[in-house]
Structures are given as structure tokens and as C-alpha cells.
There are 2 protein chains.
Amino acid sequence: MMKKQSYKVDILSVAKVAGVSAATVSRVMNHPELVNPTTLKKVERAIRKTGYVRNRAAQMIHGRRSATLGLVVPTVNYSIFAELVQSFNDTVADLGFTLVLATHGYDLTAEYKVLRKLLEHRVDGIALVGLDHSDDTYRLLASQDVPVVAAWSYSRSSRISCIGSDNREAGRLAADHLLALGHRRIGLVFPPTHENDRARGRLEAVELALHGAGIEIPDAWRVRSPYSVAHAKSVCHDLLRAHEGITGLICGNDIIAQGALSSAMQLGLRIPQDLSIVGIGDFAGSADMYPALSTVQIPAQQIGMQAGEYLVACIAHSDPQEIVRQKIKVDLKPRATTGPAVSG
Amino acid sequence: MMKKQSYKVDILSVAKVAGVSAATVSRVMNHPELVNPTTLKKVERAIRKTGYVRNRAAQMIHGRRSATLGLVVPTVNYSIFAELVQSFNDTVADLGFTLVLATHGYDLTAEYKVLRKLLEHRVDGIALVGLDHSDDTYRLLASQDVPVVAAWSYSRSSRISCIGSDNREAGRLAADHLLALGHRRIGLVFPPTHENDRARGRLEAVELALHGAGIEIPDAWRVRSPYSVAHAKSVCHDLLRAHEGITGLICGNDIIAQGALSSAMQLGLRIPQDLSIVGIGDFAGSADMYPALSTVQIPAQQIGMQAGEYLVACIAHSDPQEIVRQKIKVDLKPRATTGPAVSG
DNA sequence: AACAGTATTGCAAACGTTTTCATAAAATCA
DNA sequence: TGATTTTATGAAAACGTTTGCAATACTGTT
């Protein structure tokens, strides 16, 4: 019954078909309680007949909300931010919002550009990952009065609202875990910390904890790897081959840990007897790997949900934007990849 | 230099600051070659000073494109569609489009609803996953004249354009691989195939191949698992415990295979000596697991890229929408989780 | 100096909605 | 029955852009 040739079906064509005015059609869609049941039926039939789909752009131009929310993540590769994206999306979709997604590949200049695009589309709110952003970005956000939240990271002095975990605490937990198990010869596998407050916070805290325990790590035991299983596997392979004394590995996140684990097993190391590995993140699947990955949980799902709820609440109240800072608890999940150090 | 209190900075306020008309400001943004260099500078300064961000909704209402593309995937959990989303996004972002993402959790009724939302936002093109969609969905797509592509699946008789792989072929490759290695006692771990043409095609082809080899599989060896590592691990655990004769497992995708692998190792089975496992998908990370997962590659990255390019091309040409069907080659990746069957 | 041609700009209409206001019809009440 | 309230509807203005057309200001030519 739907028109095949619906070149341009707007509210007016529907009105014509239904024999009413455009205003009435609009009311049917937005305030159905105001229109006579008989007319309502008539109009609804016309809507179905014409295949009318309402034009958000046109209604947005009237000062209405766009009903979209922007989410900017570094990447959607692997499952690093998968749970965050999914739970954020589920949360806001239930509340009537559509997700506009952008990625920047850990490049804050790129982030600024995609942010601008989101603002051009007049998203009703914005969620970013972390607290490292360019000055341009912060300025832009300050100049627009759109609700913003930094997900994933927590800092009590953030310039914008944040809902996330304390990455330093996460790093400390990971380090303390290995220390408590008696490890003293520990390798560090982290991504570049430039423009990445999550990685930086974790690494700094790890170094601090190790230092506090009187441990000095040779530079050769600190290696870089981007968040890629293959890359991490390769650098860990080299590291473990060259420095057999290492009994523990602290990884920047679970993806790196996964690569580390893979390389270790390939080298014939027994986990955790010969080598302990701890990750950070507790991504989907980490608990069900074999051996199950010891890691520090960052409750991505909860963060995504709360970030979504926060933005929607801001929008609903048109609040005078008070900065909110919410710390989501991190939690050590000791599993099968860590065990007592055997004295070397 | 940016206004803090930018209540409503529209093209007119910029015009006022620059001392020109709104038309000129518009031209600066859209056809800078038409405006006098001096004026251009003046206007650009005013834009910066006011912190103006152009309103896509308002320009869209003029028949211009929204510069957004809709992507509907079942889920963003795990890395199932991660590569697809990422490469689609990268491709279209480079071409000036912003991604509007929606998920439906493998529920085609939900899919229809999110699709409507995307159309309300007047996305310039739409990419869906697979070819199973509700009649409502197909009708809606036919009634709007927006470019559409079904990514991931290929069928020579699809109702809409498709760019993807032949899932039957993928299933056949997986089955033939185990058969060639001499396996005859094979377990099948697949998700529900209702409303999921990818899973259905794979499973049907697997059953056909096994049947063709004269193998009858007891019903107890066919188990269901959603695409979740934890769930797959649990059902595989039960399956492998109850039926020790099984020498090979064909999994609906790599996520299930990951769970299967984990459960098998936990049970102390040697891979591949005691049990061979083959997945489908070759997700990011599958090659770098330990042991490396044997699987059938579905080139997600290529699919995402080509789907993006196809949509953008449609939009650019405003073509009379000829249906395009592109088959992306699947490829068996025999790795470490499969080996010759030992006669039981 | 008059003219034609070109470059630059502004005016105003248009896009598809929502919403205020006014009006007409119906229902209620005395 | 007439007055009053309630309900249902339409006309038109408004939103922030883009763009066709007209107007003006230059340029160069004779």
C-alpha cells in the first residue's frame, strides 16, 4: 500500500491525502492527545499510505532537539571500547536518542575535527574518552553550550564532567598484585603515553609502585606497543627472548596482555609458573581466555551507561551545567595468568 | 578570543560582526571562490571570533545532503563487527561523511525501528548487515529513495545491493577442512539461525558437506550458543564432557571458537591432537591467539571499505540505483587449532 | 567619456517542520 | 433557548540556512 514513487513526501502531502492541514498532521505526530480520534485515524492512515518519514532536520530547526548524541572514541578496533560503545548506545537508544559515532585513532588533532563535525550536526550531547584533549577541543566545548562528559577517566580536577575510573589506581593495583606475589623482575608493555591520559596514568602509577618497592627496572624492560594483539605479541616475543630473567609482565591493557600471553606460550613458557601476566581493562572475553587473564577491571559497561544517563539528564533539565565528577571503582581480578614468583 | 556566552550564534550574527550580509557568510563557507579575498578574510575572522559552527540541519533543509551515513549492525560487542565498523567509518569519514550507528541485538523488529530513526535523520545512505530483514524493513527501504547496501552477506538474488561473502561457501570451507583432515566425529556450535542468514547459510552448508561425506551427526552434537565467549565456553564444556568421541568442532564464528578453545583447554584436551577447532570470520586477534585459530577469513575490512565507497558513489552520482552485488572472496586460514584426526 | 563586460554583494524566497493565535464547532449549563 | 466553556482545527510566523536574481562597483576598450 506504500507509494513506490515517493519523490518527496512531506507533511503537506500527508495533509492533502488526509484532507486536513499540516498543523494537524504535525500534532498527530507530536501531541496526538490533542486531536480528535476520528481525525487521528484518518491521518495515521494517510501517513502509512504515503510512507511518510518525519524530517528531524526540519523539526530541529525549530529549536527542538536533534535527538542525537555524539560519542567520540579513539578506535572501535578489538573490544577495547566495545562494551563502552554498546552500553552507551543501548542506554541512550532506550531514551530515544540516536548515536553519532566518530573515531580519531588516538590523534587529538583528528579528534578536534570530528568533534566539530558532531557539533555541526547539532548533537544534543557529547561523550569523549579520557581527559587528554587539545586546547582547541576544550575551547570549542566551552564555547558551545552542549552537555559534555569525559568517559573512562576520572580526575578530581577535570575541566569537564567525567565519569570513569582512576587510571593511576588501576596501574597501582596491577603493580601491587605482582609485587605481592613476590615478583621483582618485571617488564612493562605500554602504548605511547603522549596524548593518552589513561595509559600515562597507569604507567606512572606502576613505575611509582615499583620504585616504592625498591625496584629499578632496566630501560630494556620497558617496551612500547600500540593497542594491537599482533604488535604486542611481536614486541613481547623479543623482550622475553632477550631477557629471560623477567618473571612478570604488566600490560597497558588487556589487548596487549593478550599478545603477551600468546607470545609467552609460543615460547613455551608456562603461565603462571614461568611468567605472570597482568592486564588492565577486563575486556569482554578476558575472563574466558585460557588461561584466564588476571587484570584490573574497569567497568566499561557501567561507565557507558552512566555517561549516557548523565547526558540525557543534562538535556532534560537544561541544567546550568554543573561539573560532575564520578569515580567508578576499579577492581583487581586475579585469575590464572598470575602466580607466585619463583626465585630466579 | 571566543565568545563565552554564545547563546545563539547563527549566520546572521557572524554577518553582523563582519559587516556583510548573511548570503556572503554562506558563500564564504560553501563557495569561497566567489567572494572577494578581502571580504573573505573579514568574514573568516568574524567566524573565529564568534565561534560559529554551521548548522547542518538548516542547510539540509535546503535539499542539501546531511553528510551522514547510517550503519546498522547487530551488535558492537566483541570484535565481531569491529573491523567492519572501523573500516566503514574510516572510509566515509575521509570522504566527509559522519557515521550514525545503530544496533539491534539480532532482533529484526528492533532493526526496523532503528532504521526508521536513521531515515528520520535523513542519512544520505544506509548500510545493513546481512540479507535477513523484515518485510517492513524492505518495504521501507524501497519507499525511500536512499542508497542502501547489505554488507557482510552475498547472494546473487538479493533484493538490495550487497557487498559481502558467500556464507555457504564459508561453511563449506570449514567443513571440508575438517573432513580433509580425516575428522568424522564432528560437533557443531552455532547461534540461533532464525533471522540470521549468515549463521543459517554457514550451518546449512556445513551440514550439507558432512552429509555429502556420508556423515550423520547425532542431534546431541549440535549445540546452540549466542555469540558470546562465556556462553560458548559453557556449552562446549558440557558438550565435550558428555561426548568424548568428538574430534572436531565447527563453530559459527570466531567468538564461539574462542569459547570452545578455552573450554577444551580447561578440560585438558590437547589442541589439535585431541580436538580440532575451526571458526569462521578471522576476527582481529584470531591469528594471534595461542594456539592460533584455524578459521575461514571473511575480509571485514575490505567489505567495510567497499560498502562505504559504494554508498558514497551512489550519492555522488544520484544514480538510478541499479542493484550491485559484489562477492568478496572467503579464504580458509588453516592455523594451529586444527590437525589430523586420530582414529578413535 | 560612454560602453560593455565582469566581479562582488545583497535581497528575498524557499526548504519542512512546529507552535501561537484565532476561529469554528460542539458540548455543557442555567 | 441562549450563554459559556471546551474541543478541534487551520492560518501563518518562525527557525537558520542556500541560492536565483538583481543591483552595484569595478575593469578595460573604444
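The analysis underlying the following values was restricted to heavy atoms, covering all of them including side chains, and did not include hydrogens, waters or symmetry mates. Letters A, B, ... are given to chains in the order of the sequence lines, protein chains preceding strands, and every chain is numbered from 1.
Within the 4.0 angstrom heavy-atom criterion, only backbone atoms of the sugar-phosphate kind lie near B/Thr24; the bases stay farther away.
Of the candidates D/dT9, D/dT17, C/dG16, the closest approach to any side-chain atom of A/Asn55 belongs to C/dG16. When the nucleotides C/dA12, D/dT17, C/dG16 are ranked by their closest atom to the side chain of B/Asp10, D/dT17 comes out on top. Distances from the side chain of B/Pro37 to the nucleotides C/dT8, C/dC15, D/dA8 place C/dT8 closest. If you check C/dT9, D/dT18, C/dT17 against the side chain of B/Thr39, the one that comes closest is C/dT9. Out of C/dT9, C/dT18, D/dT17, the shortest distance to the side chain of B/Val35 is found at C/dT9. Side-chain proximity of A/Asn36 to the nucleotides D/dT9, C/dT9, D/dA12 is greatest for D/dT9.
Distance CZ (B/Arg122) to C1' (C/dG16): 9 Å, rounded to an integer number of Å. Here the P atom of nucleotide C/dC11 and the CG atom of B/Leu12 are 10 Å apart, to the nearest Å. Residue B/Met60 contributes atom CE, which lies 14 Å from atom C1' of D/dC15 at whole-angstrom precision. Rounded to an integer number of Å, the gap from CD1 of A/Ile61 to P of D/dA14 is 14 Å. Computed from coordinates, the B/Gln59 CD to D/dC15 C1' distance equals 15 Å when rounded to whole Å. Residue B/His31 contributes atom NE2, which lies 12 Å from atom C1' of D/dT17 at whole-angstrom precision. D/dA13 atom P lies 12 Å from atom NE2 of A/His62, rounded to whole Å. If you measure from atom CD of B/Glu33 to atom P of C/dT9, you get 13 Å, rounded to the nearest angstrom.
Remark: the A/Gln86 side chain and the B/Thr75 side chain contain an N/O donor-acceptor pair separated by less than 3.5 Å.
Relative orientation of the A/Trp152 and A/Phe81 rings is perpendicular, given thresholds of 30° and 60° on the angle between their planes.
In terms of phosphate contacts, B/Arg64 brings a side-chain nitrogen or oxygen within less than 4.0 Å of OP1 or OP2 of D/dT19.
Once rounded to the nearest 0.5 Å, the distance linking CG of B/Leu34 with OG1 of B/Thr24 reads 10.5 Å. The OG atom of A/Ser134 lies 8.0 Å from the CZ atom of A/Arg139; values are rounded to the nearest 0.5 Å.
In the interface, the side chain of A/Arg27 is paired with the base of D/dG10 through a donor and an acceptor atom under 3.5 Å apart.
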Could you walk me through whether A/Val73 and A/Val85 pass side-chain contact (heavy atoms from CB on, under 4.5 Å), step by step? CA-CA 8 Å; A/Val73 294; A/Val85 176; 4.2 Å; yes
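When the nearest nucleotides of DNA chain C are assigned to B/Val20 and B/Gly63 by heavy-atom distance, the more 5′-ward of the two goes with B/Val20.
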